[in-house]
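What follows is a set of notes on a single structure, which appears directly below.
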2 protein chains.
Amino acid sequence: MKESAQDRLRRYNIKPSVQRMAVLDYLMTHYTHPTADTIFNALYPSIPTLSKATVYNTLNLLTEQGVIQMITIDEKNARFDARETPHLHFRCNSCGEIFDFELPPLQMEALKDYDITDVQVYCKGECPTCQKNKHIINN
Amino acid sequence: MKESAQDRLRRYNIKPSVQRMAVLDYLMTHYTHPTADTIFNALYPSIPTLSKATVYNTLNLLTEQGVIQMITIDEKNARFDARETPHLHFRCNSCGEIFDFELPPLQMEALKDYDITDVQVYCKGECPTCQKNKHIINN
DNA sequence: TACAAAATTGTAATCATTACAAATAAAGAA
DNA sequence: TTCTTTATTTGTAATGATTACAATTTTGTA
């Protein structure tokens with residue numbers, strides 16, 4: 001049985017308001033690394049009073065508390081990820097899609113005196129599909 | 001004998017204009033992960049006709065051509081790094097400083113079909129100095 | 001010297017994100 | 001319940017890094 005957004009918020013001692021549950025639930029059911037704007041547009045129809053400021057507030061709160069991750073692999077805007085298992089991100093420079101991969105264990109003795117709360121691994125390049133389609137003229 | 005900014009530009013087949021040499025030279029003599037703004041302010045006194053647009057143009061060109069790396073560990077603004085050896089970045093959430101560390105080799109068989117042109121590893125947390133200073137009241 | 005291409009410049013525009021004050025909702029006490 | 005306090009949400013204006021773009025300058029070459 002999968003944990004609900006509400007339970008996850010409770011686990012982090014965050015009051016589960018309607019808005020917070022909606023944002024987190026969206027991330028827990030869409031592992032597509034959405035932007036704040038994408039989340040807002042997805043939730044707006046069902047919560048017509050929702051404000052974009054609330055989406056930003058919530059995403060920042062969840063990121064600060066470690067409930068979700070903010071991903072800065074895209075220079076244009078932040079993306080968000082509710083996955084709890086360590087993983088790395090690959091972004092295709094052609095199609096822009098972001099792929100998840102298992103994260104190989106990192107040995108970092110050099111950082112033993114550093115209190116590490118977050119590790120992000122970003123790979124960039126071209127995905128197999130775009131490599132194959134290279135000969136096709138893209139507009 | 002260390003390679004000059006001019007030679008490095010030539011190595012990448014980029015025309016070594018005064019502005020480009022100045023930007024790259026700054027990065028090759030200041031491994032401090034500066035922002036575009038920091039670079040502009042540092043160069044402006046000696047090149048009074050320099051435009052901030054040129055700094056951005058140059059940084060984008062150098063990043064696209066793989067001469068330097070753009071680092072997005074700081075959510076606010078991009079930082080730039082001319083180091084050529086693989087390394088990881090640690091950002092202290094208290095003092096904001098960015099530290100370089102040797103990058104342990106990453107085994108990524110899962111990505112063998114992906115054409116990887118860039119790998120970035122970002123660690124965030126608290127540096128030893130800030131850990132020690134925790135008891136001091138910060139304003 | 002003259003022409004074409006490339007690079008630089010200044011400034012306006014963009015646009016994601018934040019600031020902030022007002023409005024609303026929730027929680028607690030009496 | 002009703003009053004009071006606190007937390008959350010909302011709408012909108014402001015911020016600020018980055019980009020767009022047209023004009024200007026520089027460079028390369030004939």
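Throughout, a chain's letter reflects where its sequence line sits, starting with A, and its residues are numbered from 1. When reading the values below, keep in mind they use all heavy atoms of this one structure, side chains included, and skip hydrogens, waters and symmetry mates.
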Q: List in numerical order all residues of residues 52-68 of chain B for which some heavy atom is under 4.0 Å away from an atom belonging to DNA chain C.
A: A53(B), T54(B), N57(B)
Q.
Quick one, S4(B) with Q6(B), criterion side chain to side chain contact (heavy atoms under 4.5 Å, CB included). Give me CA distance, side-chain angles, the key distance, then yes/no.
A. CA-CA 5 Å; S4(B) 68; Q6(B) 183 170 6; 3.8 Å; yes
Q) Going by an N to O cut-off under 4.0 Å, is there a salt bridge joining E84(A) and R11(A)? A) yes
Q. Roughly how many Å is it from CZ in F40(A) to C1' in dG11(D), rounded to a whole number?
A. 11 Å
Q: Return yes if a side-chain donor-acceptor contact under 3.5 Å exists between N133(B) and Q131(B), otherwise no.
A: no
**Q.** Under 3.5 Å donor-acceptor, T63(A) side chain and L59(A) backbone
**A.** yes
Q: For the pair S94(B) (side chain) and C130(B) (backbone), establish whether a donor and an acceptor sit closer than 3.5 Å, ignoring hydrogens and angles.
A: no
Q: Determine the interplanar angle of the H89(B) and Y122(B) rings, folded into 0 to 90°, and report it as parallel if under 30°, tilted if 30 to 60°, perpendicular if over 60°.
A: tilted
Q | Ring center gap for Y114(B) and F101(A) short of 6.0 angstrom | A | yes
(Q) Could you tell me how far apart L50(B) (CG) and dT25(D) (P) are, to the nearest whole angstrom? (A) 16 Å
Q: Output, in order, the C-alpha distance, side-chain angles, deciding distance and verdict of side-chain hydrogen bond (donor to acceptor under 3.5 Å, both in side chains) for T54(A) and Q19(A).
A: CA-CA 8 Å; T54(A) 301; Q19(A) 292 85 345; 5.8 Å; no
Q) In terms of the nearest nucleotide of DNA chain D, which residue is placed more toward the 5' end: T49(A) or K76(A)? A) T49(A)
Q: Check the distance between dA17(D)'s P and F80(B)'s CZ and give it to me in whole angstrom.
A: 13 Å
Q: Could you list where the contact with chain B starts and ends along DNA chain C, reading 5' to 3', using a 4.0 Å heavy-atom cut-off?
A: dA6(C) to dT18(C)
(Q) Check this for me: does any side-chain nitrogen of one of R91(B) and E126(B) sit under 4.0 Å from a carboxylate oxygen of the other? (A) no
Q. When you check the gap from the basic side-chain N to the acidic O, do E75(A) and K124(A) get nearer than 4.0 Å?
A. yes
Q. Where along residues 7-36 of chain A does a heavy atom fall under 4.0 Å from DNA chain D?
A. K15(A), S17(A), Q19(A), R20(A)
